[in-house]
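As C-alpha cells, the structure follows; a few thoughts come after it.
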Amino acid sequence: MIDRNLFFEIAEDAAGPFMTDDGYAVPLSERIYPAGDDEETIYFRPVEPSDEEIALLEPELAKWSVADKYEWRYEDMVYDDVKEGSGTRLIPLAKLESLVSASHLSSATRGGILLKKGGFCGVVLDLEDTTSYGMAYRHERRFSVLFTDGTRLEKTSYHYSHCSTEKDESSSSEYSLVCEG
C-alpha cells in the first residue's frame, strides 16, 4: 500500500499557506502549500485517503512514474580526474519521498501525489537549486507540479553546482510525468 504521507489535494478554498488568522503557525499536517506564481498559483494540502480510497487509486497510480533525465560531472582538479554521466531513470510514484515527512538530507526525489476531487491529477515535486563557489552560496527552493495532461506549473528542473580550488562538481535533473500503461 502506498504511504499515506504521499497524498495531497488541490485546496481550492485556500486563504493563506502557513499562518492562522491569529498569527500562529499551522502544524505541518494542516499546512497549505503554494506552487506556481501570480495567476498560475495553485495551493495544495496534505490529505489522508482511507485504505479503500488508496486501493481504488493504486491501479491508476501504478501506471505513472516520474522520469528523471539527469546529468552529472565531477572534476578533481588536484589529481586531474574527471568523471561524468547522464541517463534517465523512472521513479514509481510510491517511491517518492514525502514532502512532509522525508529528511532534507536525503538525495531521494521529494514529492507527492496530487488529487483533485479524489482523483489523481498529477505530482507535486519539492525542487531546490543550489550553487556555491568557495564561501559564496545561493539556494532556491520551490514546489513544481507535473499534471497528467502534460502541463507543468513552475520550473520542473533541479540544478546543483559547487566549485572550489580542489573540485568542480555539478548535477542537474529535468522531470516529467510519464504513463507506462
Let me see the working for Phe120 and Leu61 under side-chain contact (heavy atoms from CB on, under 4.5 Å), right down to the final yes or no. CA-CA 8 Å; Phe120 173 60; Leu61 298 177; 3.4 Å; yes

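- Looking at Glu154 and Arg152, no side-chain N of the basic residue comes within less than 4.0 Å of a carboxylate O on the acidic one, giving no salt bridge.
- Under the 4.0 Å criterion applied to side-chain N and carboxylate O atoms, Arg4 and Asp51 are assigned as salt-bridge partners.
- Ala11 and Ile32 get closest at one heavy-atom pair: CB-CG2, 4.2 Å.
- The environment of CD in Glu140 is crowded: more than 12 heavy-atom neighbours from other residues, nucleotides or ligands sit within 6.0 Å.
- To the nearest 0.5 angstrom, Phe8 atom CZ is 12.0 Å from Arg45 atom CZ.
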For a side-chain hydrogen bond (donor to acceptor under 3.5 Å, both in side chains) check, start with the C-alpha distance between Arg89 and Thr109, then their side-chain angles and the critical distance, and finish with the verdict. CA-CA 11 Å; Arg89 68 184 177 120; Thr109 303; 3.1 Å; yes

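- Between Lys63 and Pro59, the closest heavy-atom pair is CG-O, 3.6 Å.
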Go through it in stages, so that I can follow the logic: the residues are Trp64 and Thr148, the test is side-chain contact (heavy atoms from CB on, under 4.5 Å), and I'd like the CA-CA distance, side-chain angles, deciding distance and then a yes or no. CA-CA 9 Å; Trp64 293 88; Thr148 55; 3.8 Å; yes

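- Under a hydrophobic clustering in which Ile, Leu, Val, Met, Phe, Trp and Tyr are joined whenever their side-chain heavy atoms come within less than 4.5 Å, directly or via other members, Tyr33 and Phe147 fall into the same cluster.
- When side chains are defined from C-beta on, Glu48 does not count as touching Pro46, because their heavy atoms never get closer than 4.5 Å.
- The side-chain heavy atoms of Tyr175 and Val123, taken from C-beta on, include no pair separated by under 4.5 Å.
- Between Ser98 and Asn5, the shortest heavy-atom contact is OG-O, 2.7 Å.
- Note that the OG atom of Ser86 and the OH atom of Tyr70 stand 7.0 Å from one another [nearest 0.5 Å].
- Side-chain contact between Ser176 and Lys69 is absent, with no heavy atoms from C-beta onward closer than 4.5 Å.
- Both Leu57 and Ile91 sit in one connected hydrophobic cluster of ILVMFWY residues. Membership requires side-chain heavy atoms under 4.5 Å apart, directly or through other members.
- In this structure, the side chain of Asp76 engages the main chain of Tyr79 through a donor-acceptor pair within 3.5 Å.
- Salt-bridge check for Glu75 with Arg73: passed, with a basic side-chain N closer than 4.0 Å to an acidic carboxylate O.
- Between Leu6 and Leu93 there is no side-chain heavy-atom pair separated by less than 4.5 Å.
- Asp129 has no carboxylate O lying under 4.0 Å from a charged side-chain N of Arg138, or vice versa, which leaves the two without a salt bridge.
- The two residues Ser173 and Asp68 come nearest to each other via the heavy atoms OG-OD1, 2.7 Å.
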Stepwise side-chain contact (heavy atoms from CB on, under 4.5 Å) test for Ile2 and Phe7: CA-CA 9 Å; Ile2 296 176; Phe7 290 93; 3.8 Å; yes

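- Annotation for Tyr133 and Thr131: closest pair CE1-CG2, 3.2 Å, computed over non-hydrogen atoms.
- Rounding to the nearest 0.5 angstrom, the gap separating the SG atom in Cys163 from the CD atom in Glu169 is 9.5 Å.
- Looking only at atom types and distance, the side chain of Glu71 has no donor-acceptor partner in the side chain of Ser171 under 3.5 Å away.
- The only member of Arg142, Arg110, His139, Arg141 that meets side chain to side chain donor-acceptor pair (under 3.5 Å) when paired with Glu128 is His139.
- Atom OG in Ser161 sits 8.0 Å away from atom CG in Asp168 (nearest 0.5 Å).
- From Leu96, atom CG reaches atom CG of Asp3 across 10.5 Å, with rounding to the nearest 0.5 Å.
- Few gaps surround NZ on Lys155; more than 12 heavy atoms of other groups in view lie less than 6.0 Å from it.
- Separation of the Phe143 and Phe44 ring centroids falls under the 6.0 Å cut-off.
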Show the numbers, then the answer: is there a side-chain contact (heavy atoms from CB on, under 4.5 Å) between Glu9 and Lys116? CA-CA 6 Å; Glu9 68 180 354; Lys116 184 173 184 176; over 6 Å; no

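- Using a 4.5 Å heavy-atom cutoff, the side chains of Leu153 and Ser144 are not in contact.
- In plain terms, the two heavy atoms of Leu177 and Gly122 that are nearest each other are CD2-CA, 4.2 Å.
- Residues Leu90 and Glu180 form a side-chain contact, since some pair of their non-hydrogen atoms from C-beta on lies under 4.5 Å apart.
- The structure places SG of Cys121 at 4.0 Å from CD1 of Ile10, a figure rounded to the nearest 0.5 Å.
- Contact of the Thr156 side chain with the Leu146 side chain is registered, since non-hydrogen atoms from C-beta on lie closer than 4.5 Å.
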